[in-house]
Protein chains: 4
Amino acid sequence: MARPRNTESDAAILADASDTLREGGYDALVVDDLARRVGVAKTTVYRRWPTKNHLVAGAIASWRGETPVPGGGSLEDDLVVLVSDLAEFVDPAPMRRMIAELVAAAVREPELRPHVDALWRERRDALGRLLGAGSGVADQLLGAVFYRAIVSHEPLDGEFAAALVRSTLAGARPQ
Amino acid sequence: MARPRNTESDAAILADASDTLREGGYDALVVDDLARRVGVAKTTVYRRWPTKNHLVAGAIASWRGETPVPGGGSLEDDLVVLVSDLAEFVDPAPMRRMIAELVAAAVREPELRPHVDALWRERRDALGRLLGAGSGVADQLLGAVFYRAIVSHEPLDGEFAAALVRSTLAGARPQ
Amino acid sequence: MARPRNTESDAAILADASDTLREGGYDALVVDDLARRVGVAKTTVYRRWPTKNHLVAGAIASWRGETPVPGGGSLEDDLVVLVSDLAEFVDPAPMRRMIAELVAAAVREPELRPHVDALWRERRDALGRLLGAGSGVADQLLGAVFYRAIVSHEPLDGEFAAALVRSTLAGARPQ
Amino acid sequence: MARPRNTESDAAILADASDTLREGGYDALVVDDLARRVGVAKTTVYRRWPTKNHLVAGAIASWRGETPVPGGGSLEDDLVVLVSDLAEFVDPAPMRRMIAELVAAAVREPELRPHVDALWRERRDALGRLLGAGSGVADQLLGAVFYRAIVSHEPLDGEFAAALVRSTLAGARPQ
DNA sequence: CACTAACCGAGACGGTACGTCCAGTCTTATA
DNA sequence: TATAAGACTGGACGTACCGTCTCGGTTAGTG
C-alpha cells in the first residue's frame, strides 16, 4: 500500500559495495561515499542495512560462486575437485582479507553469522555429503583451508588441495 | 643520562588492556580511556606499542599459558594432550573473539603477524616435533581447532580433541 | 466532484500541534511524530500546511483569544485594559517561546509574516483606533511588551502594563 | 602543562563564522564547511563551542561595535544620537535576521541569553544612564527599535529615531 | 450507476546537517 | 629522555528531520 522500495537501489548498492570491498577491502567501503557513487541518499542505505557490517554481509553474499558437482570420480578425486574449488574461491588476497574481517565481525555481532556462513555453506554441504555429515572430516578440510587463508597466509593451490585430501584420507604418520 | 622508562607502567597498561579485552572485547579497549584508567598519558602507551593492535597483541601474550611437554605416552596420547591444551586455551569466548579480531588485524597489517602467531607458536612447534615439521599435519590440527573457534563456533573440549586426533591419525573413511 | 477533505483531520492536527508546542516548544513538534500520533499520513498534513512553520502559525492561531473591547473609560483606562490583555496573552513561557521562534521563522520566510502578525493584529488595531493608526505609538506599546517577552525575559503583568501606559502617555522625564 | 589551545584557531573560526553569518544568515553557517574553510578539524570547533548556537553567539559578540558617548547636547539630542546609532546597528537585513534567530535560540537555550544580551548591553546601559536605570524608558526605546527590526519589518533610520525619541519624551496624545 | 478527480494511509526517498567517537600525532611544561 | 596533560587532525559513523514522491485504495458528486 505504501510506496514500494526501489529494488534497483538494492542491487546497485550491493554491486558497488561488492566492487569496493574487492578492490579496497573493508575500510575502503565508506557508506557516505558509496551513497554518493550510487546516487542514493545515505538514509536509503541505512533503511536496508542497519549497519555497515550488515551491508558488507549482504554484498559478499554475491561472491559465493558455483559449487561444482563432482559426479563420477573416486572419493579422492571428488574431494580434490571440491577442495580445489574452495581453495580457489578463498585464495585471492581481497577474499582472504574479507573473510578474516567478516569472521571477526561475525564474532562481534552474532546476527551476522548466518550471512557469513552462507558464503561456504554449499561447499561445506557438498563435502559433508561425500564424507558423512556428522563425521567432522568436512570441517577438518575447511579448517585447513581457512587456516592457510587467514592464519598462516600460505598459498592455496591445487597442489595443496591434493596433498591435503590425500593426507586426510590416508591418515597422518609421523616423520 | 636520560630518564628511564617506568616499567611499572608497562605492566599496569598490559594488565588493564588484558582485563578490558576479556570483559568487553576489542572495541571496548579505547586507548584514551585505558590511559585515564591506568593514570598514564596516552603518549606513554604509544611510546611502547605503536598501534592499538600491537598493544592488543601484547596484552594477549599474557594469555598464552604454559605449553605442556608431553613426555612419555604414545603418539596419539601425546597429541591428545597437546591438542586438548590448545583447545582449552582457545575455547573461552573472549579468547575466540580476540583471535578473530587479531587474525583480521594481522591480515590488514602484516607487521602484526609474528606477534599474533606468537600466541600459538609454541604449541604449533610442539605438534611439529611430534608429527614432522614439514608434513603439514600440525597445521591441519591447528586449522581444525581454529575453525571451530572462530568460524563454526562449536564447543572445544577434550572429547573433540581426542576425536580430532584419532580421525587425523587414522585417516578419514566416508560414512 | 472530488472527495472532500476530512475536516476532522484539520482539527485533530491543529489540536495536537498546539498541545505539543505548548508542552515541548518548537523543536518538539516533529511532523512525522505528529502524524503518527494523530493517526494521519504526513501527506495529509502537508496538503493543508505547506511547511512546518505554516502549521505552527495555524496552531498558534487558536491561542489568540478574545480581544477586549474597552468601551467607556478614559484613554488611559482603555489602554491599560488592552495592554494588560496583550501582556497576559504573551506572558506564558510557551507563548514567549513560540513568539520568538515564529518571529525568527517569519524573518527567514516572508510568506509567513501575515500569519504570524495575525496573532496580534486585532490587539494592534484596537490600540491604533485609540491612539491614531499612523502615530506609531501603538507600536511603541507592542514593542515594549515584546521586548519583555522575548528579549529581556522580564515578567509581564498588569502592573507593568499600567506603568507602561502611564509612562507612554505622560512622556519620559529623566531621573 | 598540557599543550595549550591555539588561540589563532579561535580567532579564525570566529572570524569565518561571523562573515558567513553576515553573508548567508544562520542556516548558511555549517560547521563542517566552516572547519574546512578555516583549515581546522571539526572537533576543534566543538571543543570550544559545544553547539552551533554557542558558536553563533561567540561570533556575533564581535559585532557590537562602538557605542557613542553623547557628551554635550540636550537630553533629546543625546538620546537621538544613541537611538540612531542603535537603529543603524540593527538595521541591515542580515543583522535583523541574526537578531531574530538569536533571540529565538536564547529562548530555547537559556545559557545563550547573556551572550546575546551582550550585543546591546552597552547601548542599553548608555540609555539607562540618561534616563534613569529603573525607569524602564530605556527598554521602551529598545523595544520600539527591536519591534521594527524583527516584528513589523519597517525601516530603521535617523528619522524614525528622532521621531521615536521626541514622542517618547513628549508623551503620546491621541489623534 | 459509472466515472473521475481529489483525498488518504503508509512509508520510501533525497538531501542536509548535526554531534560523536576514536586513532594516532604533536606540543608544552615538568621531572 | 620520559612523562602527564590534553590539544589537534582526520575520517567515519549513525541519527534526525524536512519536504517530496509513489503506491494502492477510498469517497464524493457529476454525467
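Nothing here was measured: the structure is a model prediction, and the numbers come from that model. Sequence lines set the chain letters: A, B, ... in the order given, protein chains first and strands last, and positions in each chain run from 1.
The nearest whole Å value for the distance from the CZ atom in C/Arg37 to the C1' atom in E/dG9 is 17 Å. In this structure, the CH2 atom of C/Trp49 is 18 Å from the C1' atom of F/dT20, given to the nearest Å. Spacing between atom CD of D/Glu8 and atom P of F/dA7 amounts to 17 Å, rounded to whole angstrom units. We find that CD of B/Glu101 is positioned 12 Å from P of E/dA23, with the value rounded to whole Å. As rounded to whole Å, 13 Å separates atom P of E/dA10 from atom CZ of C/Arg47. Rounded to whole Å, the distance from CZ on B/Arg36 to P on E/dC22 is 10 Å. One atom, CG of C/Asp33, and another, P of E/dG9, lie 16 Å apart when rounded to the nearest Å. Regarding B/Asp32, its CG atom lies at a distance of 11 Å from the C1' atom of F/dA5, rounded to whole Å.
Among the atoms of the strands shown, none is found under 4.0 Å from any heavy atom of B/Leu34. If you check every strand for non-hydrogen atoms under 4.0 Å, C/Thr51 touches sugar and phosphate atoms only. Counting non-hydrogen atoms under 4.0 angstrom, B/Pro4 reaches the backbone sugars and phosphates but no base. Residue contacts for C/Leu55: at a heavy-atom cut-off of 4.0 Å it reaches no nucleic acid atom on any strand shown.
The 5' end of DNA chain E is approached more closely, in terms of each residue's nearest nucleotide, by C/Asp10 than by the other of B/Pro50 and C/Asp10. Taking the nucleotide of DNA chain F with the nearest heavy atom to each of C/Asn53 and A/Asp27, the more 5' of the two is matched to A/Asp27. Nearest-nucleotide positions on DNA chain E for A/Ala2 and B/Tyr46 put A/Ala2 closer to the 5' end.
Contact record, A/Val107 with B/Ile150: CG2-O, 4.2 Å, taken as the closest heavy-atom pair.
Between the side chain of B/His153 and the main chain of B/Val151, a donor-acceptor pair closer than 3.5 Å is present. The backbone N or O of A/Thr44 lies less than 3.5 Å from no partner atom in the side chain of A/Arg5, so there is not a single donor-acceptor pair. No donor-acceptor pair under 3.5 Å is formed between the side chain of D/Arg48 and the backbone N or O of D/Leu55.
In the set F/dT9, E/dC8, E/dA23, the nucleotide with an atom closest to the side chain of C/Asn6 is E/dC8. Here the nucleotide nearest the side chain of A/Lys42, chosen from F/dC18, F/dG14, F/dA12, is F/dG14. When each of E/dA12, E/dG14, F/dT9 is scored by its nearest atom to the side-chain atoms of A/Thr44, the top-ranked nucleotide is E/dG14. For A/Ala41, the listed nucleotide lying nearest its side chain is E/dG14; candidates were E/dG14, F/dG6, F/dA2. Side-chain atoms of C/Thr43 lie closest to E/dG9 of the nucleotides E/dC18, F/dA4, E/dG9.
Shown are D/Asp19, D/Asp32, D/Asp16; of these, the salt bridge (Lys or Arg N to Asp or Glu O under 4.0 Å) with D/Arg37 is made only by D/Asp16.
D/Arg5 has no side-chain polar atom (N or O) that falls below the 4.0 Å cut-off from OP1 or OP2 of F/dG6. An OP1 or OP2 oxygen of E/dC13 is reached within less than 4.0 angstrom by no side-chain nitrogen or oxygen of A/Arg3. An OP1 or OP2 oxygen of E/dC13 is reached within less than 4.0 angstrom by a side-chain nitrogen or oxygen of A/Arg48.
Side chain D/Lys52 to base E/dG19: no donor-acceptor pair is found below 3.5 Å.
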Item to check | Test side-chain contact (heavy atoms from CB on, under 4.5 Å) applied to D/Val31 and D/Trp49, step by step | outcome: CA-CA 11 Å; D/Val31 181; D/Trp49 299 276; over 6 Å; no

